[in-house]
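Accompanying notes for the structure given below.
What's counted below: heavy atoms across the whole structure, side chains too, no hydrogens, waters or symmetry copies. Nothing here was measured: the structure is a model prediction, and the numbers come from that model.
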Amino acid sequence: QVQPVESGGGLVQAGGSLTLSCTASGRTFSSYAMGWFRQAPGKEREFVAAISWSGSTTNYADSVKGRFTVSRDNAKNTVYLQMNSLKLEDTAVYYCAVGGRGTYLRGSYNYHDAGEYANWGQGTQVTVSS
């Protein structure tokens with residue numbers, strides 16, 4: 001069973017930056033897409049960013065485009081989410097997810113669909129203050 005583990009969350013002022021990391025051991029990490037989702041209090045979980053198995057394709061929610069960058073280091077089984085120009089509305093628990101069979105060695109998949117991801121981390125809290 002793959003268990004992704006997120007780290008790097010915390011408290012940051014609006015306009016600041018934070019980098020989240022997610023390490024996943026187990027099945028061939030480098031062959032699957034990775035995704036970041038978030039859930040704010042009282043809201044549903046939403047897609048944030050995704051990266052294909054090779055790192056050649058990245059996708060972002062409109063709300064974070066131009067501010068967040070997703071990347072991966074397959075040698076370290078780690079995916080990153082660099083978050084810049086943070087806003088109050090970015091406050092949420094951020095979850096890392098490992099892609100399922102539909103993302104295996106594929107650049108094209110339903111990256112925004114939580115159903116495309118087979119394994120989820122416990123989440124890390126990001127709080128943006130004014």
Will you find, in the side chains of N84 and S17, an N or O donor that is under 3.5 Å from an N or O acceptor?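 There is such a pair between these side chains.
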
Find out whether [X] and [Y] are in side-chain contact, i.e. whether some heavy atom of one side chain is under 4.5 Å from a heavy atom of the other.
{"X": "E46", "Y": "R38", "result": "yes"}
{"X": "L81", "Y": "T19", "result": "no"}
{"X": "W36", "Y": "V70", "result": "yes"}
{"X": "C96", "Y": "Q122", "result": "no"}
{"X": "N119", "Y": "P4", "result": "yes"}

Test your reading of the model: is there a side-chain donor-acceptor pair from D113 to the backbone of G115, 3.5 Å cut-off?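 Flag set: sc D113 to bb G115 pair under 3.5 Å.
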
Please check: side-chain N/O of E6 versus main-chain N/O of C22, any donor-acceptor pairing under 3.5 Å?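 No; judged by distance alone, with no hydrogens or angles, the pair does not exist.
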
With ILVMFWY side chains joined below 4.5 Å, transitively, what does V93's cluster contain besides itself?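 V93 shares its hydrophobic cluster with F37, F47, Y95, Y109, Y111, Y117, W120.
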
For E44, does the CD atom have more than 12 heavy-atom neighbours from other residues, nucleotides or ligands under 6.0 Å away?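 Counting other residues, nucleotides and ligands, CD of E44 stays at 12 neighbours or fewer.
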
What verdict does the side-chain contact (heavy atoms from CB on, under 4.5 Å) test give for Y32 and Y104, after you've listed the backbone C-alpha separation in whole Å, the side-chain angles of each residue and the deciding distance to 0.1 Å? CA-CA 5 Å; Y32 295 88; Y104 179 73; 3.5 Å; yes

Nearest-0.5 Å distance that lies between atom [atom1] in [X] and atom [atom2] in [Y]:
{"X": "I51", "Y": "T57", "atom1": "CD1", "atom2": "OG1", "value": "8.5 Å"}
{"X": "L88", "Y": "Q13", "atom1": "CG", "atom2": "CD", "value": "10.5 Å"}
{"X": "S52", "Y": "L105", "atom1": "OG", "atom2": "CG", "value": "10.0 Å"}
{"X": "R67", "Y": "M83", "atom1": "CZ", "atom2": "CE", "value": "9.5 Å"}
{"X": "M34", "Y": "T78", "atom1": "CE", "atom2": "OG1", "value": "8.5 Å"}
{"X": "K76", "Y": "S21", "atom1": "NZ", "atom2": "OG", "value": "9.5 Å"}

Within 45° cone of F29 ring axis and under 6.0 Å: R72 NZ or CZ: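 Yes - R72 lies over the ring of F29, closer than 6.0 Å to its centre and within 45° of its axis.
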
Looking only at non-hydrogen atoms, find the nearest pair between V79 and S71 and report the distance.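 V79 and S71 have their closest heavy atoms at CG2-O, 3.0 Å.
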
When you check the gap from the basic side-chain N to the acidic O, do K87 and D90 get nearer than 4.0 Å?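 Salt bridge between K87 and D90, a charged N being under 4.0 Å from a carboxylate O: no.
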
Under 3.5 Å, side-chain donor or acceptor atoms of residues 123-130 against the rest of the protein: list the pairs with distances, not counting sequence neighbours.
{"unit_1": "T124", "atom_1": "OG1", "unit_2": "G9", "atom_2": "N", "d": "3.3"}
{"unit_1": "Q125", "atom_1": "NE2", "unit_2": "A92", "atom_2": "O", "d": "3.4"}
{"unit_1": "Q125", "atom_1": "NE2", "unit_2": "T127", "atom_2": "OG1", "d": "3.3"}

Please report the C-alpha distance between T58 and F68 in whole Å, then the side-chain angles of each, then the deciding distance to 0.1 Å, and finally whether the side-chain contact (heavy atoms from CB on, under 4.5 Å) criterion is met. CA-CA 11 Å; T58 57; F68 290 13; over 6 Å; no

Look at the side-chain heavy atoms of Ile, Leu, Val, Met, Phe, Trp and Tyr, link any pair under 4.5 Å apart, and say whether V48 and L18 land in one connected group.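 Yes; L18 is reachable from V48 via cluster members.
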
